[in-house]
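Input: a single structure, listed below in structure tokens.
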Amino acid sequence: MILSVTTLLLLIGVGIYFFFRTPIIAFSKLHIDSGEYIACNTNNPLVYFMVFCLPDALWYMSLLLVQTFFIEEKGWLNRFLVGVAISLPFLLETGQYFGCVSGTFDWFDIITYCLTLIIFLLCSRKIFLLLHSKQS
Amino acid sequence: MFKKNFLIIALQAVVISAFIMIAAGSGENLSSDQAYDAGHKIGEGIGTLMNN
């Protein structure tokens with residue numbers, strides 16, 4: 001169930017990139033030509049959010065959902081990796097800020113990741129209940 | 001027990017790597033024109049700074 005949702009979220013993100021964003025590295029490496037992408041009015045805050053922030057939010061939500069499989073496992077290395085995964089987008093953005101990671105640092109991305117984390121934490125109880133009800 | 005922990009760590013490493021690859025792959029692939037424009041702007045910026 002959670003893996004299906006994770007995959008669906010990632011596919012929606014890929015769809016947004018495919019239809020609305022300029023050519024990206026992954027598509028060119030896979031020799032996928034998205035052709036003419038749909039130009040949209042990014043001056044509209046809602047459209048801007050849909051095109052530029054939503055894919056990031058979906059990517060991070062997928063990552064957080066996958067972490068629900070690992071979060072209850074013991075061992076310091078596992079805990080460390082869960083911590084790395086949760087802070088991963090913030091680490092990448094920090095890397096972009098200092099020029100160590102390719103890409104552009106953007107405060108909107110940071111806000112998006114924070115909001116996604118808050119939404120995840122608010123829903124985490126339900127997600128864990130869902131996970132445990134499937135296991136038992 | 002050790003085997004299970006090892007598998008969990010390995011799986012987690014794969015998951016994190018996959019998500020890093022997705023993040024890296026979502027970077028914009030600049031066309032030669034865009035790269036030229038970006039280089040031109042950086043050059044102009046350096047020129048302005050040197051003149052000042």
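All values below were derived from every heavy atom in this structure, side-chain atoms included, with hydrogens, water molecules and symmetry-related copies excluded. A, B, ... follow the sequence lines: proteins, then strands. Residue 1 opens every chain.
Of the possible polar contacts, none joining the A/Trp59 side chain to the B/Ile22 backbone as a donor-acceptor pair under 3.5 Å is found.
Between B/Leu11 atom CG and A/Phe70 atom CZ the span is 4.0 Å, to the nearest 0.5 Å. Within the model, atoms CD1 of B/Ile16 and CG of A/Leu88 stand 7.0 Å from one another, a figure rounded to the nearest 0.5 Å. Separation of atoms CD1 (B/Ile9) and CG (A/Leu77) is listed at 4.0 Å; rounding is to 0.5 Å.
Taken together through direct or relayed side-chain contacts under 4.5 Å among Ile, Leu, Val, Met, Phe, Trp and Tyr, A/Tyr60 and B/Met21 form parts of separate hydrophobic clusters. Under a hydrophobic clustering in which Ile, Leu, Val, Met, Phe, Trp and Tyr are joined whenever their side-chain heavy atoms come within less than 4.5 Å, directly or via other members, A/Leu121 and A/Ile86 fall into the same cluster. Put simply, A/Ile119 and A/Ile71 are part of the same group of oily side chains (I, L, V, M, F, W, Y) that touch within less than 4.5 Å, one to the next. Under the 4.5 Å side-chain contact rule for hydrophobic residues, A/Leu9 and A/Leu115 do not share a cluster. A/Phe69 is connected to A/Val84 through a chain of hydrophobic side-chain contacts under 4.5 Å among Ile, Leu, Val, Met, Phe, Trp and Tyr, so both are in one cluster.
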Practice item. Let me see the working for B/Val15 and A/Gln67 under side chain to side chain contact (heavy atoms under 4.5 Å, CB included), right down to the final yes or no. Key: CA-CA 9 Å; B/Val15 166; A/Gln67 291 312 305; 4.2 Å; yes
**Study point:** Worked check of side chain to side chain contact (heavy atoms under 4.5 Å, CB included) between A/Leu10 and B/Phe19
**Key:** CA-CA 10 Å; A/Leu10 285 175; B/Phe19 275 85; 4.2 Å; yes
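With a 4.5 Å cut-off on non-hydrogen atoms, A/Leu81 touches chain B through its backbone and its side chain both. Neither the backbone nor the side chain of A/Val14 comes within contact range of chain B, judged by heavy atoms closer than 4.5 Å.
Residue A/Phe90 places its CZ atom among more than 12 non-hydrogen atoms of other residues, nucleotides or ligands, all under 6.0 Å distant.
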